[in-house]
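Take a look at the structure below.
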Amino acid sequence: MANRRTSETALTNASLAAGPKWTYTHRGYALAQSFRQLRQRKFASFITLMVFGISLALPAIILFSAGSLAKLGNHNIEQESLTVYLSMQVNDLDGASLAQQLLLREGIDRTSYVSRDEALAMFKEQSDIGDALAALGNNPLPGAIIVYPDVDMLGAVGLKQLANSLAMSPSIDRVQFDFRWVKRLQAVLSLARLVGWVLAGFLTLSALLVIGNTIRLELLRKQTELDVSRLLGAKRSFLVRPLVYTGALYGFLGGLVACVIALITISWIKTPADQLSGLYQSAFQLEMPTASQCFTVLLIATCLGVLGSIVSLARPSNHLLPFGTKPV
Amino acid sequence: MIRFENVSLEYTPGRFALHDVSFSQPAGAFTFLTGHSGAGKSSLLKLIARLEKPTAGFISIDTIDYDTLKPRHEPLLRQQMGIVFQDNQLLNDRSVFDNVALPLIIGGYRYNDIKKRVAAALERVGLASKAFELPIRLSGGEQQRVGIARAVVAKPKVLLADEPTGNLDAQISAEIMQLLMQFSASGVTVLVATHDQGLLETFDFPQLTLHGGKLVDIHNSSQATAHTQNTWQEQPSSQPAARESRIKRRQTSSRHGE
Ligand SMILES: Nc1ncnc2c1ncn2[C@@H]1O[C@H](COP(=O)(O)OP(=O)(O)OP(=O)(O)O)[C@@H](O)[C@H]1O
Ligand SMILES: [Mg+2]
């Protein structure tokens, strides 16, 4: 009787103080082990997370601003135009109708006709020698059509083609455009993009290595647990799962760190960047990342964590091999 | 029933840790494994637990033939075995309860089962009140009992104990032995490796004696010869419930028949 009572007490004790139910399944156990690892080794985990997060911060910033930057290439020159100078013989009426005709051509978004008088007025306004011009008595300026190309024609090659085809027209005297500026901008942008991606690639790789190394160390630290579990009949999947979960956890938390760093950095440089682009009359604006962009970074970081741990566990270890195999 | 037929084990080629060992231990029997240090006791237990593979010979437990056992089934085999070590190999980062629960988690038991079984096993080794202590807070004897609880919690058919009383005093050793005998009485095949002469004298069970990797004796008596061993082995018990008294009787009778 007394025996039964103690037995019952033990049972209630067990139900009161045993860990939560989910930690007693294969997956739950693995997850609980990963959390325990983070908790027990707060400082080391913190350092790992910071290294991982900082490595991933630049790739995250590039990812976040990729949209804005991609637009920058075209956006900045969206307001750019070719100036088509008509020959002096073309009168206002013909000029205006030519502007209309050009609209029908491919690659042209809109056109606007600047009559000789308007050209003179603009010149006077912008230039000190306007009055001198007026003194000449007759207007030396030709009529012009401002041609705004389609956005997809804004590459250097497209513009060149458009300019050449416009120049063929008999009533057109000359087509003016600063191709060097476009080329230079595009070269700078594509170089920046390349450097950005290469850097991002290296940093992502280093994040992967950080996780791999951490998991390898963790494997050594856990050798008693691994060996005992193997003795008790654990399969490889049971041994490896906590380590993969740890990798995933590091990845996810490191991804959070990267997102936070990226958000802070972007909000810091947003104002000066927008001011700068304002100086160039550019419509470019550094946009704050959306929730789905943050989610993408977290997903990628988690995958990196899993990948890093799988890669580091692929190297054979005495603590994971079946018993009786030759030690490595 | 544990059967060894002409089993040899060489860790390094040419150096026999076990040499041509043959015996069979009936299911439910309690047997000591003795011999000097380095005689091969641990090696023999490792072979049974499939922690090592023999370089020659044939091992089987009940109907499980080790030669045809697939590597992916080895963990399952180990799940049906209880193993107790001298250095009890407890995990110090978790409670006694969680240490004992580990084989059940590995075995995929349900939560309610786990709670009941762990509580019952701890009750049985007299540690119910220490369930949520950390193992390092326990005495050596208590730790060893936790190790035993962990070994038996999944109700194995075979219990292997390597020096379970290793560095414990005589009284605690006797308590541990009582525990192991209880499991044997409930039908578990128990094989205990020990060189503790006191234990061997106090508890009168059959002994397998190893010397330099060879099985030299299968009985309490040191006069037994290799010939006796063969006679005994040729007529293994086919009855799973055979108890150690019966083995003894048989051994005695076969010796008389010599
Ligand atoms: N992993 C190993 N690699 C190489 N040799 C080993 C290994 N394990 C044991 N041996 C050798 O096998 C022989 C038997 O060792 P074993 O551990 O089985 O002895 P034992 O009877 O358990 O001794 P003890 O009472 O000291 O524990 C010894 O000579 C030992 O050196
Ligand atoms: Mg030994």
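Naming: A, B, ... by sequence-line order, numbering from 1 per chain.
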- Would you say Lys270(A) has more than 12 foreign heavy atoms packed within less than 6.0 Å of its NZ? yes
- Which atom of Ile105(B) lies closest to which atom of Thr23(A), heavy atoms considered: CD1-O, 4.4 Å
- Tell me, for Gln37(A) versus chain B, whether the close heavy atoms (under 4.5 Å) come from the side chain, the backbone, both or neither. neither
- Option in Arg50(B), Arg94(B), Arg110(B) with maximal non-hydrogen atom pairs under 4.5 Å from chain A: Arg94(B)
- Item | Per-residue contact mode, Arg236(A) against chain B (heavy atom under 4.5 angstrom) | neither
- When the ring planes of Tyr24(A) and Phe97(B) are compared, do they come out parallel, tilted or perpendicular, using 30° and 60° as the limits? perpendicular
- Minimum side-chain heavy-atom gap Tyr29(A)-Ile106(B) below 4.5 Å: no
- Query: If every non-hydrogen atom of Val228(A) is compared with every non-hydrogen atom of Leu91(B), which pair is closest and at what distance?
  - Reply: CG2-CD2, 4.2 Å
- Which portion of Phe85(B) sits near chain A, non-hydrogen atoms under 4.5 angstrom: side chain
- Query: Arg41(A): what forms a salt bridge (charged side-chain N to carboxylate O under 4.0 Å, His left out) with it, not counting sequence neighbours?
  - Reply: none
- Query: For His195(B), does the NE2 atom sit with more than 12 other heavy atoms under 6.0 Å from it, leaving out its own atoms?
  - Reply: no
- Do other residues, nucleotides or ligands put more than 12 heavy atoms under 6.0 Å from the CZ atom of Phe46(A)? no
- Specify the closest pair of heavy atoms between Gln89(B) and Thr224(A), including all atoms of both residues, with the distance to one decimal. OE1-CG2, 4.2 Å
- Note on the structure: From the list Asn92(B), Leu102(B), Ile83(B), the residue making the most non-hydrogen contacts under 4.5 Å with chain A is Leu102(B)
- Message: Surrounding CZ of Arg137(B) (heavy atoms of other residues, nucleotides or ligands, distance under 6.0 Å), is the total greater than 12?
- Response: no
- Ranked by heavy-atom pairs below 4.5 Å to chain A, first place among Arg150(B), Arg72(B), Glu52(B), Lys53(B) goes to Arg150(B)
- Message: Check this for me: Gln171(B), atom CD, are more than 12 non-hydrogen atoms of other residues, nucleotides or ligands nearer than 6.0 Å?
- Response: no
- Over all heavy atoms of both residues, which pair between Arg36(A) and Asp93(B) is shortest? Give the atoms and the distance, please. NH1-O, 2.6 Å
- What distance separates Leu76(B) CG from Lys235(A) NZ, expressed to the nearest 0.5 Å? 5.0 Å
- Would you mind checking which part of Pro103(B) comes under 4.5 Å of any heavy atom in chain A, side chain (CB onward), backbone (N, CA, C, O), both or neither? both
- Message: If I measure from the heavy atoms of chain A, does Ala101(B) come under 4.5 Å with its side chain, its backbone, both, or neither?
- Response: side chain
- Greater than 12 external heavy atoms within 6.0 Å of Phe202(A)'s CZ: no
